[in-house]
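Heads up: the structure comes next, in structure tokens.
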2 protein chains.
Amino acid sequence: MRMSEGVEWAVHSCLILAWVEDRGPVPTARLASRYDLPAPYLNKQLQALGRAGIVTSIPGPKGGFRLARRPERITMMDIVAAIEGPDEAFRCTEIRQRGSAGDITMRALRRPCSVASAMRTAELAWRRALAAQTLADVMTETERQLPEAGDRVRRWFDRS
Amino acid sequence: MRMSEGVEWAVHSCLILAWVEDRGPVPTARLASRYDLPAPYLNKQLQALGRAGIVTSIPGPKGGFRLARRPERITMMDIVAAIEGPDEAFRCTEIRQRGSAGDITMRALRRPCSVASAMRTAELAWRRALAAQTLADVMTETERQLPEAGDRVRRWFDRS
DNA sequence: GTTAGCGTACTCGGATACCGGTTGTCCGAGTGGCAAAGG
DNA sequence: CCTTTGCCACTCGGACAACCGGTATCCGAGTACGCTAAC
């Protein structure tokens, strides 16, 4: 089980956009050059964020991306779901119904598979933990370690 | 992000082995035919369980697999870790150090990346939730829905 | 001097190839059981 | 009848291909800016 690398890119990009705030939209090429990432592929991730309503895109010159809402209203869960998709990691294929085990009483099939339930419980805990952390929380934590982080980003955005 | 299908197979196989208990080892072919799974690939998963110390293998005729310890001592986390490997889903590649963002103060790099920390927190919640559920718990829940589940497995094992 | 029109350059957006990993398969090493032969 | 010995069939174990989703890339549609020229 492996999370897409695009998630890391997306979160860091959102951090940049959050710190830049209202200074104007940031184009993909700018974000890509900052972290030395392939611009077209990063653009793909940003499009996914756009479809999820996390960022808004402005076309044309002086265009780019900006956050669609305040960092306090964007959770880690939102970003992960936008990139990874809505499907959950464990997908029950109902093997209990297949093969020679398929002749079990039908009424048990009304109830969800116990194995799937156990996995779902764990995954729900994961989702809750992600949803409990907002982009603003990550910003605060980063600035606690490096107080000038926001200023650095804004200076980087202003020059050039 | 998608969990390997082998996890579902492994859990269901462990359930069979738990219900069979001391009646003797169950060969891969028997397990595979029960759920209509490709036997060689299921064998691969069982080998992984063996390396993790969850099941023990007995070679030769009348051989097969059996649980290495009681179901109360086997957690869902053990099985998932055995199949999926020890690596965590989110892998921080430290993009904050790359590109034009690489010129930040070194002391911030002593501390872990805030993004990675947030992800790690969530993943830890997932792992705790998995570790809190034992194989015995899943057995109990299954028998609550279908009380004769254990007897069915044992009868299936005895005949043929 | 002002304004309307046009060209241009820059942006996003979706459609298109490449690659690593999971999935699926195969054959060889090892071992217990069974049967037959000998005492 | 008991013991021993050889063979065989069945098991696990690791090494070998095939398919698929994520990775990486490209080019086209659209738009705001800036320049030019006419009024």
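Below, chain A is the first sequence line, B the second, and so on; all start at residue 1.
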Rounded to the nearest Å, what distance is computed from the [atom1] atom of residue [X] to the [atom2] atom of nucleotide [N]?
X     : N      : atom1 : atom2 : result
B/Q45 : D/dG14 : CD    : P     : 14 Å
A/K62 : D/dG34 : NZ    : C1'   : 12 Å
A/I83 : D/dT23 : CD1   : P     : 10 Å
B/I58 : C/dT31 : CD1   : P     : 14 Å
A/M3  : C/dG21 : CE    : C1'   : 17 Å
B/L49 : D/dG13 : CG    : C1'   : 15 Å
A/D87 : D/dG21 : CG    : P     : 11 Å

Can you see if the side chain of [X] gets near the phosphate of [N] - specifically, an N or O under 4.0 Å from OP1 or OP2?
X     : N      : value
B/Q47 : D/dC12 : no
A/T28 : C/dT11 : no
B/S57 : D/dT11 : no
A/R51 : C/dG14 : yes

**Asked** Is a side-chain donor-acceptor pair under 3.5 Å present for A/E141 with B/S117?
**Response**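 Judged by distance alone, the side chains do not pair up.
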
**Item:** Electrostatic pair B/D158:B/R155 at N-O distance under 4.0 angstrom
**Value:** no

**Item:** Derivation and outcome, side-chain hydrogen bond (donor to acceptor under 3.5 Å, both in side chains), residues A/T140 and A/D137
**Value:** CA-CA 5 Å; A/T140 302; A/D137 294 332; 5.4 Å; no

**Item:** Toward the 5' end of DNA chain C, by each residue's nearest nucleotide, A/L46 or B/G6
**Value:**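 Mapping each residue to its closest nucleotide by heavy atoms, the 5'-most match is A/L46.
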
Sidechain-backbone polar pair: [X] side chain, [Y] backbone, donor-acceptor under 3.5 Å:
X      : Y      : answer
A/E143 : A/A149 : no
B/R51  : B/A82  : no
B/E88  : B/R120 : no

**Request:** Side chain of B/R2 only, please: which of C/dG13, D/dG14, D/dG21 is the nearest?
**Result:** D/dG21

So which protein N/O to nucleotides 24-31 of chain D N/O distances come out below 3.5 Å?
none

**Prompt:** Tell me, do B/T56 and B/R66 make a side-chain contact under 4.5 Å, heavy atoms counted?
**Reply:** yes

**Message:** Counting the atoms with a prime plus P, OP1 and OP2 as sugar-phosphate, which does A/G50 contact under 4.0 Å by heavy atoms, base, sugar-phosphate, or nothing?
**Reply:** nothing

